[in-house]
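Structure first, commentary second.
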Amino acid sequence: MILLPLGFFLKGMAAKSEAQNRQDKPQRKPLEQPTVIIDPGHGGTDPGACRAGVMEKDINLAIAKRVARHAAGCKVRFTRDKDVDFTKHGVYSKEAERQDLDRRIEAASKFGGEVFISIHVNTGLGQDRGAVIYYDADNPGSARLAAEIQRQINKLPGMPPKKPRADHFYLFKHLTIPVIIVETGWLCNPEERERLQDPDYQEQLAGAIGRGVAAFLKTGR
């Protein structure tokens with residue numbers, strides 16, 4: 001008979017008990033990342049606003065891709081990540097425009113995101129300046145998301161302070177999650193048009209949008 005030391009025996013029992021406890025303890029599921037849907041407005045046959053050879057669709061996509069890099073801790077999904085539209089024959093009519101929007105809405109519903117951010121550029125006849133955000137008047141989450149992002153954008157150097165504006169866009173009526181439209185600037189203003197094409201300025205806008213999203217998600221969805 002071989003006699004084992006008592007300490008060795010007790011140590012083995014303790015290790016066995018610890019292993020059993022680890023097996024019995026329920027395993028924690030990793031926290032799911034919130035999904036942020038980014039919608040670069042227009043695209044493909046639909047250039048959006050145009051001034052002096054500058055097309056809105058290109059600026060929208062450039063800023064949208066930069067926003068994705070600032071959405072820390074989030075899963076980012078794009079309605080488009082290249083220069084395309086979502087109709088068979090091009091966006092040349094109101095009906096085709098509606099079809100294009102419907103495809104984006106279908107994509108958003110499939111993604112199952114927490115928020116939907118549509119990136120655009122404004123235009124007009126005057127020398128307007130600054131970024132403004134439109135939100136769904138019937139969705140408190142949309143209003144809060146707009147307020148958080150507008151607050152961050154207003155902090156950018158040289159940015160004229162704006163207030164978010166309530167409206168009733170088609171996207172708002174057909175999505176239940178918080179939806180906003182970010183009009184990042186004005187193509188009709190030559191100075192602002194130049195800024196909107198500047199990668200450094202696009203990065204500033206994207207960072208502000210990303211910080212606003214983070215603040216919104218942190219305080220609850």
Ignoring hydrogens and geometry, is there a side-chain-to-backbone donor-acceptor pair from Glu56 to Val121 under 3.5 Å? yes

So, for Ile119 and Asn60, which heavy atoms are closest and what is the spacing to 0.1 Å? O-CG, 3.2 Å

Does Asp167 form a side chain to side chain contact (heavy atoms under 4.5 Å, CB included) with Ile181? I'd like the steps, not just the answer. CA-CA 10 Å; Asp167 216 310; Ile181 295 175; over 6 Å; no

Name the residue from Asp85, Asp83, Asp46 that meets the side-chain hydrogen bond (donor to acceptor under 3.5 Å, both in side chains) definition with Lys57. Asp83

How about Leu101 and His174: do any of their side-chain heavy atoms sit closer than 4.5 Å? no

Where do Ala62 and Gln202 come nearest, in terms of heavy atoms and distance? CB-OE1, 3.5 Å

Can you name the nearest heavy-atom pair linking Leu175 to Ala108, along with the distance? CD2-CB, 3.9 Å

Kindly check if the number of other-residue, nucleotide or ligand heavy atoms within 6.0 Å of CD (Glu191) is above 12? no

Is the side chain of Glu183 donor-acceptor paired with the backbone N or O of Ile133 at a distance under 3.5 Å, no angle test? no

Taking the side chain from Arg129 and the backbone from Gly158, do they hold a donor-acceptor pair closer than 3.5 Å? yes

Closest heavy-atom contact between Ile153 and Ala131? CG2-CB, 3.8 Å

Does any non-hydrogen side-chain atom of Gln127 lie less than 4.5 Å from one of Pro190? yes

All heavy atoms of Pro40 vs all of Thr79, minimum pair found to be CD-OG1, 3.5 Å

Examine Leu217 and Ile177 and state if one hydrophobic cluster contains both, with Ile, Leu, Val, Met, Phe, Trp and Tyr joined whenever side-chain heavy atoms are less than 4.5 Å apart. no

Would you kindly say whether Asn154 and Gln150 are connected by a side-chain donor-acceptor distance under 3.5 Å? yes

Do Lys94 and Glu97 meet the salt-bridge criterion of a basic N to acidic O distance under 4.0 Å? yes

Answer yes if Ile149 and Ile37 sit in the same cluster of Ile, Leu, Val, Met, Phe, Trp and Tyr residues linked by side chain heavy atoms under 4.5 Å apart, and no otherwise. no

Side-chain ion pair, Asp100 and Arg104, N-O less than 4.0 Å: yes

For ring pair (Phe, Tyr, Trp, His ring centres under 6.0 Å), just list the numbers for His168 and Phe172, CA-CA rounded to whole Å, side-chain angles, deciding distance to a tenth of an Å, and then say yes or no. CA-CA 6 Å; His168 297 86; Phe172 298 165; 8.1 Å; no

Could you tell me whether Glu203 and Arg69 have a side-chain N and a carboxylate O separated by less than 4.0 Å? yes

Nearest heavy-atom contact between Ala96 and Gly90 is CB-O, 3.4 Å

Consider only side-chain heavy atoms of I, L, V, M, F, W and Y, link residues closer than 4.5 Å, and tell whether Phe78 and Ile117 are in one cluster. yes

Going only through I, L, V, M, F, W and Y residues with side-chain contacts under 4.5 Å, is there a path from Leu187 to Met55? no

